[in-house]
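Down below is the structure, laid out as structure tokens.
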2 protein chains.
Amino acid sequence: MQNINLPIIDLKQACVKAAHEVIAEKGIEHLSLRDVARKLGVSHQAPYRHYASKDHLLAAVIARCFRDFASFLDARQHFEDPEEDLAAMGGQYIAYAMQHPLEYRLMFGSTWPDTASNSELIRDAVHSFNILRNVLARMHGNSEAALINIDLDAMFIWSNMHGLVTIMQSDAMQYLDLVPHVKNNVPKHVFDMICVAMKSRLSK
Amino acid sequence: MQNINLPIIDLKQACVKAAHEVIAEKGIEHLSLRDVARKLGVSHQAPYRHYASKDHLLAAVIARCFRDFASFLDARQHFEDPEEDLAAMGGQYIAYAMQHPLEYRLMFGSTWPDTASNSELIRDAVHSFNILRNVLARMHGNSEAALINIDLDAMFIWSNMHGLVTIMQSDAMQYLDLVPHVKNNVPKHVFDMICVAMKSRLSK
DNA sequence: TATTTTAGTTGACACTGTCAACAATATTAA
DNA sequence: TTAATATTGTTGACAGTGTCAACTAAAATA
């Protein structure tokens, strides 16, 4: 469990990894710096050389999730047809959330710790949003009016994706007595509804 | 700040109220039973007579939010036309989330504490969902197939509403550099898109 | 080589949730 | 009425937490 004998090469990086593991084991509300230190076989104050507080370390963990998330979205299959591309991105968004529920909750579920070093966290978060903006730009064009519609549609689609995965992962879900067919087809149905709404919008 | 001299009539109820206030002041992650006790001018162990643990008290606070939320939805303006009624409910949902961001986060943002006494919490949560189901039932009818469509649409609409308010309240929102016109029109746009999707669905 | 910076240590402090033992008051049984 | 019991509070302790302060050793720099 502990690496008591191996020296830590890069403690700063190791702290992020260990903190991530502790959260995975005990939940974010039970993350403790002393647990992190113990896991790394180092004194309880050692992490403070690299992070000013527990929240600063937590921010680093979340920032790392955002980088992974953005590169996951970037790594999707790309299509010439913007509508197809949008669908691919939606699928990738859902896939990430399903494969990494913990990381998704860290990014979008918990409130970010208010530390100064959030700047990179924010940059990575906005980058993800811009990926969505770019796809929509290919559908709407680049006129002045288009820019507004891009952001409105981006918010609509993001709301949908985010709401969908949040609810499907939430405690509430299991108490709703949904028949299996409904449960399995919710993502597809939401996708279809978005498509219908977007199509009617672009045809105008 | 403290009611040192006034005796507490109903400590159990007072604990819920005080805990709610502490959360409002310091955030859910800084809720402390000892703070609650101090606020009520009782010993740090007094709350344990009524709640087995901190999580049990927290569950009671969240349950209370769900009751308020459900009665807020019920208290909306009702319409004969189911489509109009659905719109009214959407508006009411958003209104609650905007007026009570903290309570909304408690219900849907944080993971519920896993205590046995969640049963009433769950009942109230499901009740809210059933309000939505009932409105949709008036649009879809009561056939076997309709029941499935009701739940699929309910999930779609709920995803949308939930995603919308979550994102608008999230930290991410302020860093996206949205022009004011976009910011102000996001709820209306999302509403319109839902309407379009639902109309095309019902006409089939 | 002398000095300063970096990266780690140990020890202390106030705070937390919760267990145990005790006291007083209210309820119930005899 | 009196005795037994249950309810609702109290104080004190314990292990665990985040973080401040003072110290040490090694590395980088002058």
Side-chain angles (χ1 to χ4, degrees), chain A residues 1-62 110-117, chain B residues 1-62 110-117:
Chain A
M1 190 89 110
Q2 290 173 316
N3 330 356
I4 23 180
N5 287 325
L6 304 162
I8 310 289
I9 315 294
D10 181 354
L11 185 55
K12 185 167 185 175
Q13 200 58 28
C15 282
V16 174
K17 183 165 173 288
H20 196 137
E21 287 168 9
V22 171
I23 293 174
E25 288 162 19
K26 308 190 175 185
I28 183 174
E29 65 273 19
H30 294 114
L31 169 63
S32 112
L33 270 194
R34 289 169 114 106
D35 258 3
V36 170
R38 264 190 296 271
K39 212 182 181 83
L40 297 172
V42 91
S43 84
H44 67 267
Q45 278 288 14
Y48 279 87
R49 283 294 133 190
H50 304 281
Y51 299 97
S53 78
K54 181 186 166 182
D55 276 355
H56 283 81
L57 174 54
L58 184 55
V61 173
I62 298 179
S110 49
T111 43
W112 298 350
D114 52 343
T115 73
S117 76
Chain B
M1 191 88 110
Q2 290 173 315
N3 329 354
I4 22 179
N5 287 325
L6 305 162
I8 309 288
I9 314 292
D10 182 354
L11 184 55
K12 185 167 186 177
Q13 200 57 31
C15 281
V16 174
K17 184 166 174 285
H20 197 137
E21 288 168 9
V22 170
I23 294 172
E25 289 162 19
K26 309 190 172 182
I28 183 173
E29 66 274 17
H30 292 114
L31 169 64
S32 113
L33 271 195
R34 289 169 114 104
D35 257 3
V36 170
R38 264 191 295 272
K39 212 181 183 79
L40 297 172
V42 296
S43 81
H44 67 268
Q45 278 287 15
Y48 278 87
R49 283 296 134 187
H50 304 281
Y51 299 98
S53 77
K54 180 184 165 183
D55 275 355
H56 284 79
L57 175 54
L58 186 55
V61 173
I62 298 179
S110 48
T111 44
W112 297 349
D114 52 344
T115 74
S117 76

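Numbered from 1 within each chain, the chains take letters A, B, ... in sequence-line order. These numbers come from the heavy atoms of this one structure, side chains and all, not from hydrogens, waters or symmetry mates. Quantities reported herein were computed from a predicted structural model and do not represent experimental measurements.
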Output all residues satisfying side chain to side chain donor-acceptor pair (under 3.5 Å) with [X], sequence neighbours left out; order by chain, then residue number.
X       : result
B:Gln13 : none
A:His20 : A:Glu103
A:His44 : none

Between [atom2] of [N] and [atom1] of [X], the distance in whole Å:
X       : N      : atom1 : atom2 : answer
B:Leu11 : D:dT10 : CG    : C1'   : 13 Å
B:Asp10 : D:dT7  : CG    : P     : 16 Å
B:Asp55 : C:dT16 : CG    : P     : 16 Å
A:His30 : C:dT16 : NE2   : P     : 16 Å
A:Tyr51 : C:dG8  : OH    : P     : 12 Å
A:Lys12 : C:dG8  : NZ    : P     : 12 Å
B:Arg49 : C:dC22 : CZ    : P     : 14 Å

Checklist entry - Got a sec, which residues hit side chain to side chain contact (heavy atoms under 4.5 Å, CB included) with B:Tyr48, two or more places apart in sequence or on another chain? => result B:Leu33, B:Gln45

Next on the checklist: If you assign B:His50 and A:Ala52 each to the DNA chain D nucleotide with the nearest heavy atom, which residue ends up on the more 5' nucleotide?
Outcome noted: B:His50

Checklist entry - In chain order, what residues pass the salt bridge (Lys or Arg N to Asp or Glu O under 4.0 Å) check against B:Glu29, with sequence neighbours excluded? => result none

Next on the checklist: Distance check, rounded to the nearest 0.5 Å: B:Ser32 atom OG versus B:Lys39 atom NZ?
Outcome noted: 11.0 Å

Protein and nucleotides 15-18 of chain D: nitrogen or oxygen contacts under 3.5 angstrom:
unit_1: D:dT17; atom_1: OP1; unit_2: A:Ser32; atom_2: OG; d: 3.3
unit_1: D:dT17; atom_1: OP1; unit_2: A:Arg38; atom_2: NH2; d: 3.4
unit_1: D:dT17; atom_1: OP2; unit_2: A:Arg38; atom_2: NH2; d: 3.1
unit_1: D:dG18; atom_1: OP1; unit_2: A:Leu33; atom_2: N; d: 2.8
unit_1: D:dG18; atom_1: OP2; unit_2: A:Leu33; atom_2: N; d: 3.3
unit_1: D:dG18; atom_1: OP2; unit_2: A:Arg34; atom_2: N; d: 3.4
unit_1: D:dG18; atom_1: N7; unit_2: A:Arg34; atom_2: NH1; d: 2.5
unit_1: D:dG18; atom_1: O6; unit_2: A:Arg34; atom_2: NH1; d: 3.2

